[in-house]
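Below is one structure, written out as structure tokens; comments come after it.
Atoms considered below: every heavy atom in the structure, side chains included; atoms not considered: hydrogens, waters and symmetry mates. Here is how names work: the chains are called A, B, and so on, in the same order as the sequence lines, proteins then strands, and each is numbered from 1.
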2 protein chains.
Amino acid sequence: MDRIDHKIITLLAEDCRRSLADIGAGVNLSPSAVNERIRRLTASGAIRRFTVEADPEALGLPVTAFIWVALAPDSDEAAFRSFAQTRPEISECHHVTGPWSYLLKIHSPSLAGIEAFLSTLKERRFLARSETMIALSSPVDPGFSPRGDL
Amino acid sequence: MDRIDHKIITLLAEDCRRSLADIGAGVNLSPSAVNERIRRLTASGAIRRFTVEADPEALGLPVTAFIWVALAPDSDEAAFRSFAQTRPEISECHHVTGPWSYLLKIHSPSLAGIEAFLSTLKERRFLARSETMIALSSPVDPGFSPRGDL
DNA sequence: GCTGAAACGGTCATGAC
DNA sequence: GTCATGACCGTTTCAGC
């Protein structure tokens with residue numbers, strides 16, 4: 001993972017469809033050398049996946065919400081984590097320091113969808129308490145990259 | 001934006017390097033028809049960009065932090081927004097409901113980097129107050145897609 | 001939106017350093 | 001071990017329908 005690998009990842013992040021020749025011109029390497037580096041970066045996990053950033057609104061998900069979750073004392077934390085991984089509306093789930101257990105980022109078609117999601121958390125007895133903040137606008141946002149089939 | 005466009009975006013999100021023929025097989029369309037749809041989805045902004053998801057740790061950014069920001073009463077909010085857009089360590093910036101003005105997601109090489117970032121916010125007189133939470137682990141996280149040159 | 005042909009680009013074997 | 005060259009072949013692209 002040297003400076004060249006770094007540059008390659010930056011170039012791919014901007015546009016992962018540029019040709020190996022283009023990238024090679026940017027890092028003074030032949031297409032095949034670039035290809036080999038990309039193969040290694042992908043194999044090592046430095047590049048997780050080639051994907052598209054979509055506009056959540058275009059996908060019918062105009063509401064972005066952040067939910068602070070305090071897990072119920074008797075809840076199964078491993079179960080919560082796998083729950084989070086299987087719900088496509090959760091685009092992020094972080095175990096964080098501070099008074100809350102987890103921070104979730106949710107994409108939803110409507111506020112009613114957020115309410116329904118909170119109901120699900122309650123039904124499954126994960127929640128001790130929670131706090132929800134709605135994103136009004138997002139000057140910087142990676143958007144949405146659907147995991148699974150939505 | 002019909003069901004087929006939706007499916008195409010989902011398939012591209014999983015792996016945007018699959019061939020038009022592969023995608024076509026998944027949606028019962030010819031490669032050229034798929035290509036035309038992708039072109040339209042990109043032109044309309046439904047697909048923002050073709051990119052790679054990188055592992056922040058591999059890029060030397062093992063620390064993920066969320067910073068709640070309350071803007072100083074006399075601060076220039078437009079300036080804060082463009083500041084946020086130009087700082088590569090900010091991977092998300094959301095204007096949110098609730099007691100705080102903004103939520104930032106930061107990738108940093110170290111805790112010292114977070115401290116330095118907070119100092120910058122103070123120096124620029126953006127901050128009334130802030131609260132920082134460090135991500136301990138992330139069961140669901142899109143990772144990092146470098147904007148700009150880092 | 002499909003078909004078919006042409007241009008392009010990714011891939012891999014080979015050889016140099 | 002890493003990289004460049006060049007030929008092969010799958011893929012994208014575009015014209016015509």
> Excluding sequence neighbours, so at least two apart, what forms salt bridge (Lys or Arg N to Asp or Glu O under 4.0 Å) with A:Arg37?
Replying inline: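 Partners of A:Arg37 under the salt bridge (Lys or Arg N to Asp or Glu O under 4.0 Å) test: A:Asp2, A:Asp5.
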> B:Asp74: what forms a salt bridge (Lys or Arg N to Asp or Glu O under 4.0 Å) with it, not counting sequence neighbours?
Replying inline: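 Once residues adjacent in sequence are excluded, B:Asp74 has no partner under the salt bridge (Lys or Arg N to Asp or Glu O under 4.0 Å) criterion.
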> Using Watson-Crick and G-U wobble pairs with both distances under 3.5 Å, what is the 5'-to-3' dot-bracket string of DNA chain C, with [ ] for crossing pairs and | for pairs outside the strand?
Replying inline: |||||||||.|||||||
> If the sugar-phosphate is the primed atoms plus P, OP1 and OP2 and the base is the rest, what is the B/S/- string for nucleotides 2-16 of chain C, using protein heavy atoms under 4.0 Å?
Replying inline: BB-----SSBB----
Donor-acceptor contacts under 3.5 Å from residues 114-123 of chain A side chains, at least two apart:
unit_1: A:Ser119; atom_1: OG; unit_2: A:Glu115; atom_2: O; d: 3.1
unit_1: A:Thr120; atom_1: OG1; unit_2: A:Ala116; atom_2: O; d: 3.0

> Quick one: ring-ring contact (aromatic ring centres under 6.0 Å, His included) pairs with a partner in residues 27-54 of chain A, sequence neighbours left out?
Replying inline: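 Every pair satisfying ring-ring contact (aromatic ring centres under 6.0 Å, His included) with a residue in residues 27-54 of chain A: there are none.
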>> Taking 4.0 Å as the cut-off, does a side-chain nitrogen or oxygen of B:Arg37 come that near to OP1 or OP2 on C:dG1?
In response: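 Looking at the OP1 and OP2 atoms of C:dG1, one of them is under 4.0 Å from a side-chain N or O of B:Arg37.
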> Residues two or more places apart in sequence or in another chain: which of them pass side-chain hydrogen bond (donor to acceptor under 3.5 Å, both in side chains) with A:Ser32?
Replying inline: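 For A:Ser32, the residues satisfying side-chain hydrogen bond (donor to acceptor under 3.5 Å, both in side chains) (neighbours in sequence not counted) are A:Ser30.
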Between [N] ([atom2]) and [X] ([atom1]): distance, integer Å:
{"X": "B:Ile4", "N": "C:dG1", "atom1": "CD1", "atom2": "P", "result": "7 Å"}
{"X": "B:Ile38", "N": "C:dG1", "atom1": "CD1", "atom2": "C1'", "result": "15 Å"}
{"X": "B:Ile23", "N": "D:dT12", "atom1": "CD1", "atom2": "P", "result": "8 Å"}

>> Between C:dG15 and D:dC9, how many Å separate the two C1' atoms, rounded to a whole number?
In response: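 So the two C1' atoms sit 22 Å from each other.
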>> Strictly below 4.0 Å, N to O, side chains only: are B:Asp141 and A:Lys105 in salt-bridge contact?
In response: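 No, this pair does not count.
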> Does B:Phe80 have any ring pair (Phe, Tyr, Trp, His ring centres under 6.0 Å) partners at least two apart in sequence or in another chain, and if so, which?
Replying inline: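 Testing B:Phe80 for ring pair (Phe, Tyr, Trp, His ring centres under 6.0 Å), a comparison that skips the adjacent residues, returns B:Tyr102, B:Phe126.
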> Who are the side chain to side chain contact (heavy atoms under 4.5 Å, CB included) partners of B:Arg18, not counting sequence neighbours?
Replying inline: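 Counting only residues at least two positions away or on another chain, B:Arg18 forms a side chain to side chain contact (heavy atoms under 4.5 Å, CB included) with B:Leu11, B:Glu14, B:Asp15, B:Asp22, B:Ile23.
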> Hey, which of these two, A:Arg40 or B:Asp22, hits DNA chain D nearer its 5' end, going by closest nucleotide?
Replying inline: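 Checking each residue's closest nucleotide, the 5'-ward one belongs to A:Arg40.
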